[in-house]
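All chains are named by letter (A, B, ...) in the order of the sequence lines, taking the proteins before the strands, and each is independently numbered beginning at 1. From a predicted model like this one, the values you see are computed outputs, not experimental measurements.
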There are 2 protein chains.
Amino acid sequence: MYSRGMSTADRLVEATRELLWERGYVGTSPRAILERAGAGQGSMYHHFRGKPDLALAAIRRTAEALLAQADEVLSGPGSPYERIEAYLRRERDVLRGCPVGRLTMDPDVVADDALRAPVDAAIARIRERIAGLVEEGKAQGQFAAGLDAGEIAALIVATVQGGYVLARASGSPEAFDAGVRGLLALLRPE
Amino acid sequence: MYSRGMSTADRLVEATRELLWERGYVGTSPRAILERAGAGQGSMYHHFRGKPDLALAAIRRTAEALLAQADEVLSGPGSPYERIEAYLRRERDVLRGCPVGRLTMDPDVVADDALRAPVDAAIARIRERIAGLVEEGKAQGQFAAGLDAGEIAALIVATVQGGYVLARASGSPEAFDAGVRGLLALLRPE
DNA sequence: GTCTATACGATGATAGAC
DNA sequence: GTCTATCATCGTATAGAC
């Protein structure tokens, strides 16, 4: 239940974002959203056309937020390797998983181009930013010249997304951290 | 709808396995299972205590099947690197995702120790088999002695699981293959 | 073993009062 | 803008006949 100056529409979107993260699209009911947002049926259908419309607003905000987080670390200080390390090691609530990546396991999201678009765009954008860093690192001699920047970027993002899967399977963040350490060991210059 | 000599109980389990893969636990209803299995309510509640019980049987079979598939490639012919490559490049229906990894995004599966156990065991087992191969490769000088076999194994499994996420986000297997190529480039001996 | 009947709460949405 | 009916359908399960 939210209170601080948020509009009803914003509270609905925030409640939906949380529930999509926890339970996915199929597992998220309007009823649960309304309860968490402290709103009535009428409010929701006044501000949004229905569940897919509200979910779209929520997914867009979540995708934006993830991208902003990633951009912050990736354009931070340090060498390309150090910035990639910062991205991989940044604080995460590993067992909650990725609020964006999670949606790719939702058949109703993947089947709907409008719902999938923000997910696709956010992940593609992060891949591009990382690929740019890898290119930079290659130019500086920090990474081997033979590496394909796009492939390494895909590997880095996949390691994070897959790390969540391993962690949730075992009920512990250990496997996530292990995968990250393994990747950094292979990427480390010298 | 199945027909070939399968028992009703088996048809129910197979239908459940398919639906869990496609739609996850929350997205799979007894009704849909019955329809796909060509069975009535009575049959299901005769053979199983309810949805969680049937899902458990289905998850166990799927976990076993995945493990068997992985074991086959990992204990196949070739050097450690070649067997890891065979595992990473083995034919997959990438856009369908991993029938086991997928379940980790299901809150009701993760919250239930009995349902999560087979998922955890299958993934842990694959990690161990790969870690053994990495150790072997280190002993043969194929991999750098400084690498941690457990970390590299976590990285390899995470790359596969994360590759599915990237592929489903973009609606194309390309990102999966890119991540795999990136990983193989970093692991390649010489 | 399998079927039909029945039950009750949840889902996703509409209508209309205030 | 928000609230309270109201609705048809689905989800999950039980009971009891055959």
Side-chain angles (χ1 to χ4, degrees), chain A residues 1-59 103 105-112 114-115, chain B residues 1-59 103 105-112 114-115:
Chain A
M1 272 260 212
Y2 308 91
S3 40
R4 22 164 200 201
M6 264 187 188
S7 71
T8 299
D10 282 345
R11 292 203 320 274
L12 286 165
V13 170
E14 290 307 309
T16 305
R17 291 180 62 197
E18 289 182 6
L19 283 163
L20 285 178
W21 193 356
E22 292 166 21
R23 310 200 37 86
Y25 185 84
V26 256
T28 296
S29 69
R31 184 183 292 264
I33 294 170
L34 297 175
E35 195 179 337
R36 192 170 295 210
Q41 299 266 104
S43 296
M44 167 174 160
Y45 286 99
H46 172 75
H47 292 289
F48 301 93
R49 281 193 305 272
K51 177 178 166 176
D53 189 38
L54 176 48
L56 180 57
I59 291 174
L103 298 169
M105 293 301 130
D106 241 305
D108 294 358
V109 170
V110 170
D112 183 328
L115 292 180
Chain B
M1 275 258 217
Y2 308 92
S3 40
R4 21 162 202 203
M6 262 186 189
S7 72
T8 301
D10 281 346
R11 293 203 320 276
L12 285 165
V13 170
E14 290 307 308
T16 305
R17 291 180 63 197
E18 289 181 7
L19 284 163
L20 285 179
W21 193 357
E22 291 167 21
R23 312 199 35 85
Y25 185 84
V26 255
T28 295
S29 68
R31 187 184 291 263
I33 293 170
L34 296 175
E35 194 178 339
R36 192 170 297 211
Q41 299 266 103
S43 296
M44 168 173 161
Y45 286 99
H46 172 75
H47 293 288
F48 301 93
R49 281 195 304 274
K51 177 179 166 178
D53 189 38
L54 176 49
L56 179 57
I59 290 174
L103 299 169
M105 292 301 130
D106 241 306
D108 294 359
V109 170
V110 171
D112 183 327
L115 293 179

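- Here D:dA5 is the nucleotide among D:dA13, D:dG11, D:dA5 with the atom lying nearest to any side-chain atom of A:Q41.
- Atoms CZ (B:R23) and C1' (D:dC10) sit 13 Å apart, rounded to a whole Å.
- Distance, B:K51 NZ to D:dA13 P: 8 Å, rounded to whole Å.
- Nearest approach of B:Y25 to B:V109, heavy atoms of both residues: CB-CG2, 3.8 Å.
- For A:R11 (side chain) and A:A37 (main-chain N/O), a donor-acceptor pair under 3.5 Å exists by modelled atom type.
- Put simply, CE on B:M44 is 13 Å from C1' on D:dT14, counting in whole angstrom units.
- Shown here for B:H47 and B:L12, the closest heavy-atom pair between the two residues is CD2-CD1, 4.5 Å.
- Exactly one residue among A:V13, A:T16, A:L56 makes a side-chain contact (heavy atoms from CB on, under 4.5 Å) with A:F48. That residue is A:V13.
- B:L34 contributes atom CG, which lies 8.0 Å from atom OH of B:Y45 (distance to the nearest 0.5 angstrom).
- Think of the region where chain B sits on DNA chain C: with heavy atoms and a 4.0 Å cut, that region ends 5' and 3' at C:dG1 to C:dT4.
- Atom CG of B:L54 and atom P of D:dT12 are 12 Å apart (whole Å).
- Between B:D106 atom CG and A:R23 atom CZ the span is 8.5 Å, to the nearest 0.5 Å.
- Nearest-nucleotide positions on DNA chain C for B:S43 and A:R49 put B:S43 closer to the 5' end.
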